[in-house]
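To start, the structure itself, in structure tokens.
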Amino acid sequence: MDVIVSLCKRRGFVFQSSEIYGGIASCWDYGPLGVELKNNVKRAWWRDNVTLRADMVGLDAAILMHPAVWKASGHLDHFTDPMVDCKACRRRFRADQLDERPWTHYCPATKGNKFAVAGGEACPHCGARRTLCPECGKGELTPPRQFNLMFKTFMGPVEEDAAVTYLRPETAQGIFVNFDNVLQSMRLKLPFGVAQIGKSFRNEITPGNFIFRTHEFEQMEIEFFVNPNDAIDGRPADEVWHERWIEERFAWYQRYGIRRENLRLREHEKAELAHYAKRTADIEYKFPIGWSELEGVANRTDFDLKQHSQASGKSLTYFDDERKSHVVPYVIEPSAGADRSVLAFLVDAYREEEVRGEKRVVLRLHPDLAPIKIAVLPLLKKRPEIVATAQDLRARLARRWTAVYDDTAAIGRLYRRQDEVGTPYCVTVDVQTVGDAEKGEAGDQRVTIRARDSMEQIRVPIEELATVFGELFDGTGWSAVAARYPAAKG
Ligand code: GAP
């Protein structure tokens, strides 16, 4: 993880929030390249789940909602984690995660020597199991107390109970309370889904691991409503749709470059299921911290619509034309984290390779996700015609793709910098492109395109650049395009 954190800071992906004041724990800012990457992840998600589907619509609900929403949804009473404190060092832990943590042990069998013992294991010397604080190894722990993860705030100038509201801990509830608005305004027929991307907030007891678990994060959530009375191939429609969404979401991460071997599905045990869920499967990624949840795909049944209907007194049903009766739809919820996805895409794309005896760091990001699509580089920055041509090219390409111009180092270095941030293509303008007016030599008006992954280079006429990049970014493979042009010398 350290390599990724360091790359993110050095190359402008992610900075610690309020760093000049010493930082604030588990809050992160997305830098110039990070915001492009995250926007691209969200754009790809929205395009695939909303724009390209006939059965989905979008929504952007407010972060602050009526406090009654959180009572009805169960968050006020149940959105808690058990918390314990160390009486000596005052550190705080989630009681249910204590056994997973490595623990510090002053072993009586070795004259009180200090050891780090793996999570869940006994001391190999004295056989003792952890009872004290896992961090300092000395303090007793308080009994577990339930701690609500919602951030409380006040609306208006007076901090009184009547003004209490909460920062939403999930975007989902904004969709449930708007169910009827969306249904009526868009004249939808079941099954249909509503998608939303937005910020959520959780006062996590143990946040950490960079952008993996933070207090403020972005979710990309779908609530897909299904008629529970319908059957597909003799099976309940909600169960079939649940399986379809698990497959679809599992495939999505691979479509954007995550390797299959780094993804797995984890079925929730009955005891682990959220109070509203009939079945939940997590899509897990092999993060540097180990296999962890990237996205949860839950069958929330009719729990939320029924709860909000009862609490608000408003009907949240669907009129089933065929059966001539009202029904409360079931809902399948694929719920992904935008920040966690960014982390997974970064980790999976990161490679260290050896090229001609030197280390090359490359982010093999999918072109749709890469923060910069094209870097235009002048081979010689002392030649005004080269610089002018390169800058003009950048401006023209930037109308369609995120393109940058860089002349702050020699060409080899510039290529390495672009590799390190995942830029799929570099365009180099050289003497051959512009010619030499003093010597009466005309340029060939061709530039070199270099592909990040293979490092192959081709010479392409400037006037064909837009067409070539159009093909490359629409999915035509590099080799098919490169076959039409002469290779350039590396
Ligand atoms: N509406 C269902 C729901 O919120 P969840 O499993 O609690 O389910 C869904 O959250 C996704 O949101 C997670 O899979 C994860 O990607 C992301 N997420 C949850 N808590 C997070 C946190 N503290 N920091 C970053 N991402 C988080």
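Predicted model only: the values in this text are computed from it and were never measured. Keep in mind that the numbers below use all heavy atoms, side chains included, and drop hydrogens, waters and symmetry copies. Note that ligands are numbered from 1 as they come in the structure, with each ligand's atoms numbered from 1 the same way.
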- Aromatic plane relationship, Trp241 with Phe224 - under 30° parallel, 30 to 60° tilted, over 60° perpendicular: tilted

- Item | For Glu295, the ligand 1 atoms whose distance to one of its heavy atoms is below 4.0 Å | 14 (O)

- Message: Minimum distance, heavy atoms only, to atom 3 (C) of ligand 1: which one of Gly296, Ala336, Ser335 is it?
- Response: Ser335

- Checking Arg249 against Trp252: charged group under 6.0 Å from the ring centre and within 45 degrees of the axis? yes

- Query: What protein heavy atom sits nearest atom 25 (C) of ligand 1, and how far away is it?
  - Reply: Phe212 O, 3.1 Å

- Message: Could you check whether Asp348 and Asn262, counting side-chain N and O atoms only, form a donor-acceptor pair closer than 3.5 Å?
- Response: yes

- Task: State the atoms of ligand 1, each with its element, that fall below the 4.0 Å cut-off from a heavy-atom position in Arg300.
- Result: 1 (N), 2 (C)

- Does any N/O atom on Arg213 come nearer than 3.5 Å to any N/O atom on ligand 1? no

- Task: Have a look at Lys199 and tell me which of Glu170, Glu216, Glu221 forms a salt bridge (Lys or Arg N to Asp or Glu O under 4.0 Å) with it.
- Result: Glu216

- Query: Do we see a donor-acceptor contact under 3.5 Å between the side chains of Thr423 and Gln418?
  - Reply: yes

- Measure the acute angle between the ring planes of His275 and Phe303, then classify it against the limits of 30° and 60° as parallel, tilted or perpendicular. perpendicular

- Mode of Glu333 contact toward ligand 1 - side chain, backbone, both, neither (heavy atoms, under 4.0 Å): side chain

- Query: Closer than 4.0 angstrom: is that true for some heavy atom of Asp339 and an atom of ligand 1?
  - Reply: no

- Task: Count the heavy atoms of every other residue, nucleotide or ligand shown that sit under 6.0 Å from NZ of Lys286, and state whether that count exceeds 12.
- Result: no

- Task: State whether Arg364 and Glu353 are salt-bridged, where the test is any N-O pair (Lys NZ or Arg NE/NH1/NH2 against Asp/Glu carboxylate O) under 4.0 Å.
- Result: yes

- Message: I'd like the name of whichever of Gln219, Glu204, Glu221 reaches closest to atom 23 (N) of ligand 1 through any heavy atom.
- Response: Glu204

- When you measure from atom 15 (C) of ligand 1 to every protein heavy atom, which one gives the shortest distance, and what is it? Arg340 NH1, 3.5 Å

- Per atom 7 (O) of ligand 1, closest listed option by heavy atom (Glu170, Arg202, Glu293, Met220): Arg202

- Query: If we only count N/O pairs under 3.5 Å, is Gly337 in contact with ligand 1?
  - Reply: yes

- Message: I'd like to know if the side chain of Gln307 pairs up with that of Tyr276 as donor and acceptor (distance under 3.5 Å, no hydrogens or angles considered).
- Response: no

- Task: Write out the residue and atom name of the closest protein heavy atom to atom 24 (N) of ligand 1, then the distance separating them to 0.1 Å.
- Result: Thr214 N, 3.0 Å

- Query: Can you check whether Leu294 has an N/O within less than 3.5 Å of an N/O in ligand 1?
  - Reply: yes

- Would you tell me which option among Tyr276, Phe201, Tyr285, Phe217 has the nearest heavy-atom contact to atom 21 (C) of ligand 1? Phe217

